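These notes are about the structure you will find just below.
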Amino acid sequence: MENATANCSFPTVESEKTVVTLYAVFAAIAFLSHTTTIIIIVRTKAYKLFRHRLTLYLTIGGMLRTMAYVLQVLPVNIDLPDMHPVTLREGWESVCVLGAFMIHYSPYFQTFTVLWTCYFVLKETLSPTQGEFKLTREIVGVSLVILAPLLFTWEPFITNSYGLSGTRCWIVNKDCSSRYGLSFIYEMTINVVPNLLLTLVGLSLLLAAIIVLVRKFFARDLERYFAKALRDIVPMGIYPTFYMLILFARMIALTTGKYTNDVGLSFMTLTQLCSITLPLSLLVRPRMIVTLLPKKVAAEEDVVDGYSTIF
C-alpha cells in the first residue's frame with residue numbers, strides 16, 4: 001500500500017495488474033465456497049439448528065470480506081500507462097468510499113462471528129446440547145456482530161477519510177512517513193491492537209475447548225459424547241482455528257514491522273482460501289466415524305432431528 005503524494009513510491013502497472021488478477025482469482029474461489037455452503041444449508045434445511053446458522057453467519061462474513069477485496073481495487077484505474085498519480089474511474093468515487101469502509105468493516109464482522117463460534121464450540125465441549133441456542137441470545141449475538149465493528153470504522157466517515165490511498169481504496173494518505181499515511185497511534189487503535197486482543201481471546205477459547213476434549217478423552221467419557229463431538233464440535237472448530245491462526249500471524253507481522261505489500265497479499269490469499277473449509281466442515285460424513293463406535297451407539301446417532309448425520 002503506497003501513498004499518493006509525489007514523494008511516495010508506486011508499484012508498476014504490471015505488478016498492480018498481477019495483484020488485481022490474484023484478487024479476482026481468489027475472490028472467485030471464496031465466492032464459490034460461500035455459495036456452496038449456503039446451498040448445502042438451505043437445501044438440507046440445516047439452518048433449523050443453531051450450529052448451522054452460525055456457519056451461515058460465518059459464510060455471510062466471508063462474502064462481505066470477499067466483496068470488500070473486490071471493491072477495494074475495482075474503482076482504481078490501473079490501465080493508464082503512467083501510475084503517477086493513480087486515479088479513480090470516472091463516477092466511481094462513491095464505490096471507492098464504500099470499498100474503503102467495507103475493507104475495514106468486514107474483517108471485524110468476520111472476526112466477531114468467529115469469536116461467537118469459538119465460544120459456542122467451548123460451550124458444547126463443556127455441556128453438549130442439541131446444538132441449540134436461546135433465540136434472545138442469538139438476536140443479541142447477531143446485533144453485536146453487526147454493530148460492534150462500527151466502533152472501529154465510524155471515525156474515518158466523520159473525518160471524510162475514506163477514499164483513494166495510493167493504489168487502493170482505503171484511508172486517504174496524508175503522510176508518507178508512515179504506512180498507509182496514518183499516524184502510529186491511529187493505526188494501532190483502529191487496526192492492530194483491537195485485532196490482536198480479539199485474536200488472543202479466540203485462540204484462548206479454542207485452546208480451552210481442546211483441553212476439555214482431551215481431558216474427557218482420558219477420563220473415558222461416554223462414547224455417545226465422542227460421537228457428538230466428532231459429528232458437531234470438531235467440524236465447527238475447523239474454520240475458526242484456521243482463521244484465528246492466520247489472523248494471529250498477521251498481527252505478529254504488523255506488530256514486528258514485517259508487514260509489507262507482499263505479506264499483506266499472502267494473508268489475503270490465505271484468508272480467502274480458508275473459506276474452503278466452510279463447505280468441507282458440512283460435507284464431512286460423521287457416519288464414517290460413528291461406525292468405529294459400538295453398533296448400538298452408531299444406530300442411535302444415525303439420524304438427528306429428522307435429517308441424516310451427514311451434518
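Please read all numbers here as calculations on a predicted model, not as lab measurements. Only heavy atoms go into these numbers, but all of them, side chains included; no hydrogens, no water, no symmetry mates.
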**Message:** Evaluate Leu203 against Thr241 for side chain to side chain contact (heavy atoms under 4.5 Å, CB included), listing each step before the verdict.
**Reply:** CA-CA 8 Å; Leu203 289 175; Thr241 299; over 6 Å; no
**Message:** Once you measure the plane-to-plane angle for Tyr243 and Tyr239, does it fall in the parallel (<30°), tilted (30-60°) or perpendicular (>60°) bin?
**Reply:**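 It falls in the parallel class, under 30°.
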Flag yes if [X] and [Y] sit in one hydrophobic cluster, no otherwise; membership is Ile, Leu, Val, Met, Phe, Trp, Tyr, and two members link when side-chain heavy atoms are under 4.5 Å apart.
{"X": "Tyr119", "Y": "Leu207", "value": "no"}
{"X": "Leu71", "Y": "Phe157", "value": "yes"}
{"X": "Leu126", "Y": "Ile211", "value": "no"}

**Prompt:** Taking it one step at a time, do Ile29 and Gln272 satisfy side chain to side chain contact (heavy atoms under 4.5 Å, CB included)?
**Reply:** CA-CA 8 Å; Ile29 294 174; Gln272 295 295 75; over 6 Å; no
Do [X] and [Y] touch side chain to side chain, with heavy atoms closer than 4.5 Å?
{"X": "Arg89", "Y": "Val95", "value": "no"}
{"X": "Val114", "Y": "Cys118", "value": "yes"}
{"X": "Thr35", "Y": "Leu32", "value": "no"}
{"X": "Leu278", "Y": "Ser33", "value": "no"}
{"X": "Phe242", "Y": "Leu270", "value": "no"}
{"X": "Tyr69", "Y": "Met102", "value": "no"}
{"X": "Thr269", "Y": "Leu22", "value": "no"}
{"X": "Met63", "Y": "Ile38", "value": "yes"}

Is a side-chain donor or acceptor of [X] paired with a backbone partner of [Y] at a separation under 3.5 angstrom?
{"X": "Thr159", "Y": "Glu155", "value": "yes"}
{"X": "Arg51", "Y": "Thr117", "value": "no"}
{"X": "His104", "Y": "Ala100", "value": "yes"}

[atom1]-[atom2] distance between [X] and [Y], expressed to the nearest 0.5 angstrom:
{"X": "Thr125", "Y": "Leu205", "atom1": "OG1", "atom2": "CG", "result": "10.0 Å"}
{"X": "Leu115", "Y": "Tyr108", "atom1": "CG", "atom2": "OH", "result": "11.5 Å"}
{"X": "Ile246", "Y": "Thr271", "atom1": "CD1", "atom2": "OG1", "result": "5.0 Å"}
{"X": "His34", "Y": "Ser275", "atom1": "NE2", "atom2": "OG", "result": "4.0 Å"}
{"X": "Gln72", "Y": "Leu164", "atom1": "CD", "atom2": "CG", "result": "10.5 Å"}
{"X": "Leu200", "Y": "Leu247", "atom1": "CG", "atom2": "CG", "result": "9.5 Å"}

**Item:** Set of residues satisfying disulfide bond (SG atoms under 2.5 Å apart) with respect to Cys96, sequence neighbours excluded
**Value:**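 Listed in chain order: Cys169.
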**Prompt:** What's the verdict on side chain to side chain contact (heavy atoms under 4.5 Å, CB included) for Tyr23 and Leu74, showing C-alpha distance, side-chain angles and the deciding distance?
**Reply:** CA-CA 10 Å; Tyr23 269 47; Leu74 191 62; over 6 Å; no
**Message:** Connecting only ILVMFWY residues whose side-chain heavy atoms lie within less than 4.5 Å of each other, what is the rest of Ile39's hydrophobic cluster?
**Reply:**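 None; Ile39 is a cluster of one.
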Counting only pairs under 3.5 Å, give me each side-chain donor-acceptor contact of residues 137-152, with atom names and distances, residues two or more places apart or in other chains.
| from | atom 1 | to | atom 2 | distance (Å) |
| --- | --- | --- | --- | --- |
| Glu138 | OE1 | Arg53 | NE | 3.4 |
| Glu138 | OE1 | Arg53 | NH2 | 2.9 |
| Glu138 | OE2 | Arg53 | NE | 2.9 |
| Glu138 | OE2 | Tyr57 | OH | 2.6 |
| Ser143 | OG | Ile139 | O | 2.8 |

Distance-minimising heavy-atom pair for [X] and [Y]:
{"X": "Leu54", "Y": "Met236", "answer": "CD1-CE, 3.7 Å"}
{"X": "Ile252", "Y": "Thr256", "answer": "O-OG1, 2.6 Å"}
{"X": "Thr153", "Y": "Tyr162", "answer": "O-OH, 2.9 Å"}
{"X": "Thr199", "Y": "Met251", "answer": "OG1-CG, 4.2 Å"}
{"X": "Arg65", "Y": "Ser106", "answer": "CA-OG, 3.4 Å"}

**Request:** State whether the number of non-hydrogen atoms from other residues, nucleotides or ligands found under 6.0 Å of Phe267 atom CZ is greater than 12.
**Result:**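 Atom CZ in Phe267 is crowded, with more than 12 foreign heavy atoms closer than 6.0 Å.
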**Asked** Between Phe50 and Trp116, does the ring centre distance come in under 6.0 Å?
**Response**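 Ring-ring flag for Phe50/Trp116: true, centres closer than 6.0 Å.
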**Asked** Stepwise, does the side chain to side chain contact (heavy atoms under 4.5 Å, CB included) test hold for Tyr47 with Lys45?
**Response** CA-CA 5 Å; Tyr47 53 79; Lys45 298 182 179 180; 3.8 Å; yes
